Amino acid sequence: MAGHNHDHSHSPADFGWAFLIGTVLNLTFVVVEAVFGLIANSTALLADAGHNLSDVFGLLVAWAGAALVKRKPSARFSYGLKKSSILAALINALVLLVAVGAIIAEALQRLSHPEPSNGRLVMIVAAVGILVNGITAWLFAKGRHDDINIRGAFLHMTADAAVSAAVVVAGYLMIMTGALWIDPIISLLVAAFILWGTWSLLTESVSMTLAGVPKGIDPDQVSSALSKLPGVEDTHHLHIWALSTTETALTVHLVVGHDVNRDVILRQARAYVHQLFGISHSTIQVEHLGAEAEHHCHEGHHNEGCP
């Protein structure tokens with residue numbers, strides 16, 4: 001007997017307005033930055049405008065992932081398109097890594113060929129960038145711990161705010177000292193900061209894409225917890241994977257004594273994994289003690305005790 005539980009209480013929060021406001025703010029800033037980059041004859045501002053345009057793309061990818069998660073299941077996609085949010089997080093992690101590479105390449109080039117620019121104008125525009133990216137990051141701050149897709153959007157905006165802050169600091173120090181090497185050195189430090197923040201997003205999204213056990217869930221603890229239910233003698237065929245960036249699925253076989261009520265143990269097991277581990281989609285099969293050995297014999301596993 002198998003039981004299925006599809007509790008949707010862990011459905012993702014709606015960040016539609018956050019995506020809309022963030023996209024409009026950042027797209028407007030890209031246009032402003034490009035215009036002032038031309039006025040100030042600043043290749044740095046023009047390059048940063050291109051970088052910010054990639055962040056608009058990142059927001060749109062995360063937005064699409066969050067929207068596709070809500071699509072209803074179909075005959076072909078029985079879980080809907082929930083993994084879209086995982087793919088969006090992975091794409092955003094890869095885009096962030098590309099951005100880090102671009103920052104490093106530009107910084108190294110400026111170290112070898114330093115170029116003066118209109119420092120005050122660059123500082124003013126970068127200060128506006130801190131405001132725009134800071135507001136956008138704040139819009140996603142509350143969801144960054146529970147949803148790696150939202151964390152991807154948050155990291156994009158935080159990274160941009162950090163870059164803009166570095167530009168302001170570097171611009172001020174260059175005006176005060178005249179040392180042109182300060183700007184690329186600070187850029188390299190910012191690149192290291194972004195890489196540090198992106199690594200966990202990348203590894204977690206790759207693990208989820210490959211149907212790995214979500215971070216924060218220990219399969220041994222899940223098996224141990226289920227084994228402690230009254231009447232459960234053993235657990236096997238335990239599989240745990242991410243359906244989306246906010247929902248987890250589980251399948252397991254429970255071996256129980258002959259006097260155990262299967263309906264009761266199914267309800268208890270579903271509630272247990274939901275309350276203790278936040279697993280909202282569970283498929284649980286209950287077997288009577290001795291059925292597992294018979295099952296293995298039928299599958300061709302002729303161990304000791306098989307006829």
Side-chain angles (χ1 to χ4, degrees), residues 5-26 54-73 77 79-97 99 133-162 194-218 222 240-250 273-282:
N5 177 38
H6 301 292
D7 190 336
H8 295 277
S9 63
H10 285 259
S11 59
D14 190 354
F15 284 87
W17 277 107
F19 281 117
L20 178 60
I21 294 170
T23 300
V24 171
L25 278 176
N26 282 269
S54 74
D55 285 328
V56 173
F57 168 75
L59 279 176
L60 292 175
V61 168
W63 194 356
L68 289 173
V69 161
K70 299 174 183 177
R71 293 284 294 271
K72 293 182 179 180
F77 298 98
Y79 280 119
L81 300 177
K82 294 182 181 298
K83 280 192 178 289
S84 300
S85 59
I86 300 175
L87 291 176
L90 178 59
I91 291 171
N92 264 325
L94 294 175
V95 170
L96 277 166
L97 289 181
N133 292 309
I135 290 173
T136 308
W138 174 77
L139 292 172
F140 296 106
K142 69 177 182 180
R144 71 187 188 278
H145 298 299
D146 304 319
D147 187 339
I148 65 168
N149 184 37
I150 299 301
R151 192 198 310 168
F154 174 80
L155 283 175
H156 262 294
M157 297 303 103
T158 303
D160 264 3
I194 297 172
L195 183 61
W196 177 78
T198 302
W199 189 251
S200 64
L201 176 68
L202 177 66
T203 54
E204 195 171 343
S205 58
V206 167
S207 175
M208 285 185 169
T209 302
L210 297 176
V213 178
K215 183 179 179 181
I217 297 178
D218 184 341
V222 176
I240 306 169
W241 71 99
L243 284 178
S244 72
T245 51
T246 58
E247 296 175 85
T248 304
L250 168 148
V273 297
H274 189 194
Q275 292 170 6
L276 292 182
F277 305 100
I279 299 174
S280 52
H281 293 254
S282 56

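All values reported here derive from a predicted model rather than from experimental measurement. What's counted below: heavy atoms across the whole structure, side chains too, no hydrogens, waters or symmetry copies.
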>> For a 4.5 angstrom cut-off between non-hydrogen side-chain atoms, does Ile217 reach Ile279?
In response: yes
> Do Leu139 and Trp17 touch side chain to side chain, with heavy atoms closer than 4.5 Å?
Replying inline: no
>> Could you report the tightest heavy-atom contact between Asn149 and Ala88, atom names first, then the distance?
In response: OD1-CB, 3.3 Å
>> How long is the straight-line distance from CG of Leu81 back to NZ of Lys70, given to the nearest 0.5 Å?
In response: 13.5 Å
>> Do Thr246 and Asp147 pair up side chain to side chain, a donor and an acceptor below 3.5 Å, judged on atom types alone?
In response: no
>> Would you compute the distance between atom CD1 of Ile148 and atom OG of Ser244 and round it to the nearest 0.5 angstrom?
In response: 9.5 Å
> What is the minimum heavy-atom distance between Ala62 and Asn92, and which atoms define it?
Replying inline: CB-ND2, 3.6 Å
> Which value, rounded to the nearest 0.5 Å, describes the distance between His145 atom NE2 and Ile150 atom CD1?
Replying inline: 13.0 Å
>> The criterion is side-chain contact (heavy atoms from CB on, under 4.5 Å); which residues satisfy it with Trp138, sequence neighbours excluded?
In response: none
> Does Met157 reach the side chain of Leu59, with side-chain heavy atoms less than 4.5 Å apart?
Replying inline: yes
>> Parallel, tilted or perpendicular, judged at 30° and 60°: which one describes the rings of Phe140 and Phe19?
In response: tilted
>> For a side-chain contact (heavy atoms from CB on, under 4.5 Å) check, start with the C-alpha distance between Lys142 and Phe15, then their side-chain angles and the critical distance, and finish with the verdict.
In response: CA-CA 10 Å; Lys142 69 177 182 180; Phe15 284 87; 4.1 Å; yes
> What's the shortest heavy-atom distance between Ser205 and Leu202, and which atoms?
Replying inline: OG-O, 3.0 Å
> Does the side chain of Ser200 come within less than 4.5 Å of Arg151's, by heavy atoms?
Replying inline: yes
>> Quiz question: by atom type and distance under 3.5 Å, do the side chains of Asn26 and Thr136 form a donor-acceptor pair?
In response: yes
> Nearest 0.5 Å, what's the CH2-CD1 distance between Trp241 and Ile86?
Replying inline: 12.0 Å
>> Holding to side-chain contact (heavy atoms from CB on, under 4.5 Å), I want the full list of residues that pass it with Leu96, two or more places apart in sequence or in another chain.
In response: Leu155, His156, Ala159, Ile194, Thr198, Leu201
> Is a donor on one side and an acceptor on the other found under 3.5 Å between the side chain of Ser280 and the backbone of Glu247?
Replying inline: no
> How long is the gap from CG on Leu243 to CE on Met208, to the nearest 0.5 Å?
Replying inline: 10.5 Å
> Quick one: does Phe277's side chain get under 4.5 Å of Thr248's, heavy atoms only?
Replying inline: no
> Can you name the side-chain contact (heavy atoms from CB on, under 4.5 Å) partners of Ala161, sequence neighbours left out?
Replying inline: Asn133
